[in-house]
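Reading through the structure tokens given below for one structure.
Remember, it's a predicted structure, so these values are computed and weren't measured experimentally.
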Amino acid sequence: MCTENKTEKIYLVRFGNSDLYLLRDTEAGEKSYLTRIEAELNAFLRKKFQNENFAYYTHPRVDEVSPMDAAKYENLPPLDEKAMASIKEVLAREVTDMQDTKELNSDAPFSNVNPAAADIPHILG
């Protein structure tokens with residue numbers, strides 16, 4: 001990577017509840033790279049889950065690592081194609097869990113209470 005006139009920065013990146021990944025890039029490149037990844041994750045999830053909103057899952061959470069702390073994070077996996085496969089698996093599971101929770105909540109007892117029936121004491125009173 002050519003870093004002439006550009007300072008290489010180190011970022012910790014996470015999508016949804018995925019693992020942390022290490023991204024080394026220049027400040028300008030990092031934004032466009034993450035934008036492409038976010039678009040790829042959105043496209044992947046849209047194919048699997050129509051009519052869902054998953055911005056929380058696909059929007060990257062990025063923290064810049066100070067050069068003094070860089071050694072602490074050297075063992076993290078890089079944000080590459082292998083990481084993308086793992087991230088897609090995690091996000092698909094999270095969206096499935098979200099859908100299952102919505103369904104359980106909508107099937108819960110008293111979820112469709114008739115408002116008129118809820119006022120029975122006043123009706124009978």
Side-chain angles (χ1 to χ4, degrees):
M1 175 190 315
C2 178
T3 57
E4 259 178 38
N5 298 327
K6 294 180 183 178
T7 305
E8 182 178 68
K9 296 192 178 197
I10 299 172
Y11 300 94
L12 301 177
V13 182
R14 170 177 284 167
F15 295 88
N17 291 321
S18 73
D19 292 332
L20 274 175
Y21 294 95
L22 195 64
L23 174 62
R24 295 176 179 274
D25 209 345
T26 62
E27 191 171 1
E30 168 261 332
K31 291 176 185 166
S32 63
Y33 182 67
L34 288 176
T35 301
R36 286 192 309 270
I37 288 175
E38 186 175 3
E40 180 180 336
L41 292 173
N42 274 310
F44 167 77
L45 290 175
R46 269 192 211 105
K47 281 183 184 176
K48 289 184 72 82
F49 308 99
Q50 290 79 27
N51 304 321
E52 281 296 339
N53 180 3
F54 23 76
Y56 165 79
Y57 303 106
T58 59
H59 186 73
R61 292 192 309 270
V62 181
D63 294 307
E64 187 173 348
V65 175
S66 117
M68 295 184 319
D69 295 333
K72 287 188 221 177
Y73 302 102
E74 287 299 318
N75 292 330
L76 286 177
L79 185 58
D80 57 12
E81 286 305 313
K82 182 178 176 186
M84 285 298 292
S86 177
I87 291 168
K88 287 176 181 178
E89 183 179 315
V90 168
L91 296 186
R93 187 172 48 246
E94 287 185 52
V95 173
T96 299
D97 289 348
M98 176 188 66
Q99 287 179 326
D100 291 347
T101 301
K102 277 184 190 177
E103 186 175 329
L104 284 172
N105 288 342
S106 70
D107 289 343
F110 313 112
S111 64
N112 291 319
V113 173
N114 180 341
D119 201 22
I120 287 180
H122 291 97
I123 293 171
L124 298 176

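- Summarising the geometry, atom CG belonging to Leu41 is positioned 6.5 Å from atom CD1 belonging to Ile87; distances are rounded to the nearest 0.5 Å.
- Here the CE atom belonging to Met98 is positioned 5.0 Å from the OH atom belonging to Tyr57, to the nearest 0.5 angstrom.
- Residue-environment remark: CG (Asp100) exceeds the threshold of 12 foreign heavy atoms within 6.0 Å.
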Set out, in order, the CA-CA distance, both residues' side-chain angles and the distance that settles salt bridge (charged side-chain N to carboxylate O under 4.0 Å, His left out) for Lys88 and Glu81, then state yes or no. CA-CA 11 Å; Lys88 287 176 181 178; Glu81 286 305 313; over 6 Å; no
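- Shortest non-hydrogen contact noted between Tyr73 and Leu22 is O-CD2, 3.6 Å.
- For the atom pair CG of Leu34 and NE2 of His59, the computed distance is 9.0 Å after rounding to the nearest 0.5 Å.
- Hydrophobic clustering keeps Leu76 apart from Ile37 (ILVMFWY residues linked when any side-chain heavy atoms are closer than 4.5 Å, directly or through intermediates).
- In this structure, CG on Leu23 lies 12.5 Å from NZ on Lys9, to the nearest 0.5 angstrom.
- When all heavy atoms are compared, the tightest approach of Ala83 to Tyr21 is CB-CE2, 3.3 Å.
- No continuous path of ILVMFWY side-chain contacts below 4.5 Å connects Leu45 to Val90, so the two sit in separate hydrophobic clusters.
- If you take CG on Asn42 and OG1 on Thr58, they are separated by 3.5 Å, rounding to the nearest 0.5 Å.
- With rounding to the nearest 0.5 angstrom, the CG atom of Asp97 is 7.5 Å from the CD atom of Glu94.
- Using a 4.5 Å heavy-atom threshold, the side chains of Phe44 and Lys48 count as touching.
- Counting only heavy atoms from C-beta outward, the side chains of Thr96 and Phe49 approach each other to under 4.5 Å.
- The hydrophobic clustering, which links ILVMFWY residues whose side-chain heavy atoms are closer than 4.5 Å, places Leu79 and Ile10 apart.
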Go through Tyr56 and Val95 one step at a time and tell me if the side chain to side chain contact (heavy atoms under 4.5 Å, CB included) criterion holds. CA-CA 10 Å; Tyr56 165 79; Val95 173; over 6 Å; no
